[in-house]
Amino acid sequence: MTETYDVTVAGVGYMVKPGSYRRQQAWASEGKVGRIRLADFYGGARRLLQNERDRFWSGTGAMPAYDSQGVTAGPKRQDKTEAAVPAFQPGQPSWSFGYNGTTYLVNGTGLYQVTTSGSNYGSLTTKQTLPANAVDATQLGTKLHIAFGSAANVGEYDMASNIWTANQTYGSAARKARLIGHESQSLVMVFDTDSYQLSVVQPLGASLGVAAADSWVRRLVEHDGHCWAIADTS
């Protein structure tokens, strides 16, 4: 049967003009923002942990294999003898801070600068001998504020000028603190004589405000621009 129209679309007939027909690709679909999750790259190497179907692996040392099935390639332990004075104390807590491409380390009675040799770790260089073992430390701008509990008043080290100020004044007096942190441009301290009271210091105006916690404050943690007080009950 001979058709009346060349093309019928939705019941409507159309005629194709002679010589106007062209064959071409359909238009590309509209671009959309999406998310693709790549979870596995098997057959390769240098993943954090080796899978059974990985064909090869490399490392400088050994580490436990999956599910305690033996050992696999991984990082190695490298002992390092430090000559810094005062000596680094592994039994004391440590805090690290970065400023202007330099890493600073607070440990025991020492404030150190981490030096490198090429892209590898070099050694610790003593920047300041502290009056007692540090119990807490925080960085606010260019300055490190270091607390020593009941052993000494809080001190301040300016990383920009390399100046150490012992017995720094906070709120018109030197303070002993067992915890120290910061929020925005303010320091937050828990004084050694009061473990339920948070003292907020504005360094520029040297003003001191207080806020009472509901129980013994164990830690001060900086997160998302705020200082969180971790207490026994909250």
Side-chain angles (χ1 to χ4, degrees), residues 46 48 59-61 74-149 151-171 174-190 192 199-206 219-230:
R46 299 191 182 280
L48 184 61
T60 58
K76 69 175 180 179
R77 171 176 171 171
Q78 181 172 333
D79 294 332
K80 172 70 175 178
T81 301
E82 291 289 349
V85 178
F88 182 87
Q89 302 180 54
Q92 291 292 326
S94 299
W95 299 264
S96 62
F97 306 95
Y99 171 73
N100 198 26
T102 301
T103 299
Y104 294 86
L105 178 67
V106 177
N107 167 270
T109 58
L111 170 59
Y112 309 97
Q113 175 182 324
V114 178
T115 61
T116 58
S117 177
S119 59
N120 299 320
Y121 171 80
S123 61
L124 296 179
T125 299
T126 303
K127 302 298 290 185
Q128 180 64 43
T129 298
L130 305 175
N133 285 332
V135 299
D136 204 1
T138 192
Q139 177 181 354
L140 184 57
T142 65
K143 297 179 179 180
L144 300 180
H145 302 265
I146 305 174
F148 306 98
N153 292 323
V154 174
E156 177 186 282
Y157 182 78
D158 192 326
M159 294 176 287
S161 61
N162 296 316
I163 295 177
W164 166 256
T165 303
N167 305 315
Q168 182 59 268
T169 298
Y170 301 100
R175 307 284 179 174
K176 290 182 171 67
R178 67 178 184 86
L179 295 175
I180 190 166
H182 72 271
E183 176 166 347
S184 184
Q185 296 302 310
S186 300
L187 283 176
V188 180
M189 290 189 286
V190 176
D192 184 65
S199 301
V200 183
V201 183
Q202 298 285 350
L204 296 179
R219 290 285 302 275
L220 296 178
V221 181
E222 293 88 24
H223 175 69
D224 197 23
H226 298 285
C227 183
W228 297 75
I230 311 301

Are the side chains of [X] and [Y] in touch, meaning some heavy atoms are under 4.5 Å apart?
{"X": "Val114", "Y": "Leu124", "answer": "yes"}
{"X": "Glu156", "Y": "Tyr170", "answer": "yes"}
{"X": "Glu82", "Y": "Tyr112", "answer": "no"}
{"X": "Thr102", "Y": "Met159", "answer": "no"}
{"X": "Val106", "Y": "Phe97", "answer": "yes"}

Closest heavy-atom pair and its distance - [X], [Y]:
{"X": "Leu111", "Y": "Tyr157", "answer": "CD2-CG, 3.4 Å"}
{"X": "Val135", "Y": "Ala177", "answer": "CG2-O, 4.0 Å"}
{"X": "Asp136", "Y": "Arg178", "answer": "CB-O, 3.9 Å"}
{"X": "Gly110", "Y": "Pro86", "answer": "CA-CG, 3.8 Å"}
{"X": "Ser184", "Y": "Leu140", "answer": "O-CD1, 3.2 Å"}
{"X": "Trp164", "Y": "Gly155", "answer": "CH2-CA, 3.5 Å"}

For the pair [X] (side chain) and [Y] (backbone), establish whether a donor and an acceptor sit closer than 3.5 Å, ignoring hydrogens and angles.
{"X": "Ser117", "Y": "Gly122", "value": "no"}
{"X": "Gln139", "Y": "Gly98", "value": "yes"}
{"X": "Ser94", "Y": "Asn107", "value": "no"}
{"X": "Gln92", "Y": "Gly108", "value": "no"}

Kindly write out the residues that satisfy side-chain hydrogen bond (donor to acceptor under 3.5 Å, both in side chains) with Thr103, not counting sequence neighbours, or none if the list is empty.
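Scan of Thr103 (side-chain hydrogen bond (donor to acceptor under 3.5 Å, both in side chains), adjacent residues dropped) gives none.
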
Gap between atom [atom2] of [Y] and atom [atom1] of [X] - 0.5 Å precision:
{"X": "Leu144", "Y": "Trp95", "atom1": "CG", "atom2": "CH2", "value": "12.0 Å"}
{"X": "Thr138", "Y": "Glu222", "atom1": "OG1", "atom2": "CD", "value": "4.0 Å"}
{"X": "Ile163", "Y": "Gln128", "atom1": "CD1", "atom2": "CD", "value": "11.0 Å"}
{"X": "Thr109", "Y": "Phe88", "atom1": "OG1", "atom2": "CZ", "value": "11.5 Å"}
{"X": "Arg175", "Y": "Ile180", "atom1": "CZ", "atom2": "CD1", "value": "12.0 Å"}
{"X": "Gln113", "Y": "Leu105", "atom1": "CD", "atom2": "CG", "value": "11.0 Å"}

Applying salt bridge (charged side-chain N to carboxylate O under 4.0 Å, His left out), can you list everything that pairs with Lys176, at least two apart in sequence or on another chain?
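In terms of salt bridge (charged side-chain N to carboxylate O under 4.0 Å, His left out), with neighbours along the sequence ignored, Lys176 is linked to no residue.
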
